[in-house]
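Comments concern the structure below.
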Protein chains: 2
Amino acid sequence: MSQTDTVSRILDAAEVLFAERGFTETSLRTITSTAGVNLAAVNYHFGSKKELIQAVFERFLTPFTDSLAAELDRRVAAGERLSVEGLLESLYRVGMGSLAAEGRDPQRFMRLLGLAYTQYQGHLRRFIVSRYGDSYRRFAGLLAQALPGLDPVTFYWRLYFMLGATIFTLSSFDAIEAILREDFGAQSNLPETLERLVPAAAAMLKVDAER
Amino acid sequence: MSQTDTVSRILDAAEVLFAERGFTETSLRTITSTAGVNLAAVNYHFGSKKELIQAVFERFLTPFTDSLAAELDRRVAAGERLSVEGLLESLYRVGMGSLAAEGRDPQRFMRLLGLAYTQYQGHLRRFIVSRYGDSYRRFAGLLAQALPGLDPVTFYWRLYFMLGATIFTLSSFDAIEAILREDFGAQSNLPETLERLVPAAAAMLKVDAER
DNA sequence: CCAATAACCAAACGAGCGTTTTAATTGTTG
DNA sequence: CAACAATTAAAACGCTCGTTTGGTTATTGG
């Protein structure tokens, strides 16, 4: 078993288990036995559990923000007028695409993102902000441009409303979908839910704007 | 020190600490030393840590759902036509009022609610659904009535979008407010944020409805 | 007033945790 | 092929956790 094998097997197992139960509730013993590697391998390859958590986030956030940057570059270069809906679609499409391309589960990353915001892991928040803060600010800036006439403070709050609706819904997608199926017999999938989310979130962002 | 003292001191400490760090990250030793009571008191009075968690939720959810029910009764009896905005305002006002009345912090409960959804605590989700599911369904039903012409599945998803925006934003209120203050020098408070949230959430719920 | 019951407390138990150590094994390279 | 570095492996360390035990102190009803 080569090094990359062990490292990525650990990351695969950690990703799934963290998303399922959170960080504190997942022990290194569970991770390593799921991955089929020795317990000491985590500390050998990653240094500590904290650094493993960061590595899990880095492995999916870096391709995601890179793809998003490329997508935004492309559309800006083409001189497109970027609408609120268009920006949200780009965000969601890249989120689905850049990860699904690697055969990984997009909603798992939404759960991880939700955990990053919710759980008591100061190091993780600092890591994400320092590493991916620029990407976030660029997207937020373009979104603000698409909402002229909206005062900055209102925009900022609504940005968080939108993030909350997105992260909360998608990270609980399975649970919500199960309730829906039980109560209405209607089944949904992730792309369909995102199609519902785009106009809803856009409407929320645009109230009283664009005068 | 009478029994009620010990019990409520434990609940007070647990409420604050759980909201700050989550359930797993808060030990009974931290709780009992903060409360100034003996370690064994938790297991004596509550039985287990799980039951303590449930008791913390019960103590704020029961007054909240009771007040909400009374408020809705009052408005329905008065023959008021309940608008989306009106329902959201009732929800938030009761959330602020029924808790602030006891001198407790409303956004702490938002953090706890967020944790209930996010953290890996099956027993807690079951407890809340079985105990407060009826209140939830009544509010959702009234909200659906205020949105005629919206198909049930779309309504249900948007209800979760709204819940996500609310819980996510309010449970991270301090963090978001700190960023805002730093970037814009503008400070907000909770009532003001709720005033921003009502029209935004209402707009999201109402897209393409009420035709 | 005094048994009976409830409440409290210090100490310990066993289990699980992240991490470290030491040794064996594998892979690489001159 | 020998020498060296990188990796894997087994075992243990020190610590914290939730819970339990056994004994002491308060409270209370007859």
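All chains are named by letter (A, B, ...) in the order of the sequence lines, taking the proteins before the strands, and each is independently numbered beginning at 1.
Closest approach to the Leu39(B) side chain among dA7(C), dT7(D), dT19(D) is made by dT19(D) (side chain taken as heavy atoms from C-beta onward). Of the candidates dA7(C), dC9(C), dA9(D), the closest approach to any side-chain atom of Ala40(B) belongs to dC9(C). Checking dG18(D), dA7(C), dT19(C) against every side-chain atom of Lys49(B), the shortest atom distance belongs to dG18(D).
At least one side-chain heavy atom of Phe18(B) sits less than 4.5 Å from a side-chain heavy atom of Ile31(B). A 4.5 Å side-chain heavy-atom check between Thr62(A) and Tyr132(A) finds at least one atom pair inside the cut-off. At a threshold of 4.5 Å between non-hydrogen side-chain atoms, the residues Val16(B) and Arg108(B) count as touching.
A straight line from CG of Asn38(B) to P of dA12(C) spans 14 Å, rounded to a whole angstrom. Tyr44(B) has its OH atom 7 Å from the P atom of dA6(C), to the nearest Å. Here dT7(D) presents its P atom at 16 Å from CZ of Arg9(A), a figure rounded to the nearest Å. Rounding to whole angstrom units, CD1 of residue Ile10(A) and P of dG18(C) are separated by 13 Å. Across the protein-nucleic acid pair, Asn43(B) atom CG and dC17(D) atom C1' stand 12 Å apart, rounded to whole Å. One atom, CZ of Phe46(A), and another, C1' of dT19(C), lie 16 Å apart when rounded to the nearest Å. One atom, NZ of Lys50(A), and another, C1' of dT19(C), lie 14 Å apart when rounded to the nearest Å.
In this structure, Met96(A) CE and Leu91(A) CG are separated by 12.0 Å, a value rounded to the nearest 0.5 Å.
For the contact set between residues 20-29 of chain A and DNA chain D, defined by any heavy atom under 4.0 Å, the members are Arg29(A).
Between Thr6(A) and dT8(D) there is a side-chain N or O to OP1 or OP2 distance below 4.0 Å. Of the side-chain N and O atoms in His45(B), none sit less than 4.0 angstrom from OP1 or OP2 of dA6(C).
Salt-bridge annotation for Arg138(A) and Asp73(A): present, with a side-chain N of the basic residue lying under 4.0 Å from a carboxylate O of the acidic one.
Closest of all the heavy-atom pairs between Leu112(B) and Ala19(B) is CD2-N, 3.7 Å. The nearest pair of heavy atoms linking Arg75(A) to Ser90(A) is NH1-OG, 2.6 Å.
At a threshold of 4.0 angstrom between heavy atoms, the contacts of Ala41(A) with the nucleic acid are absent.
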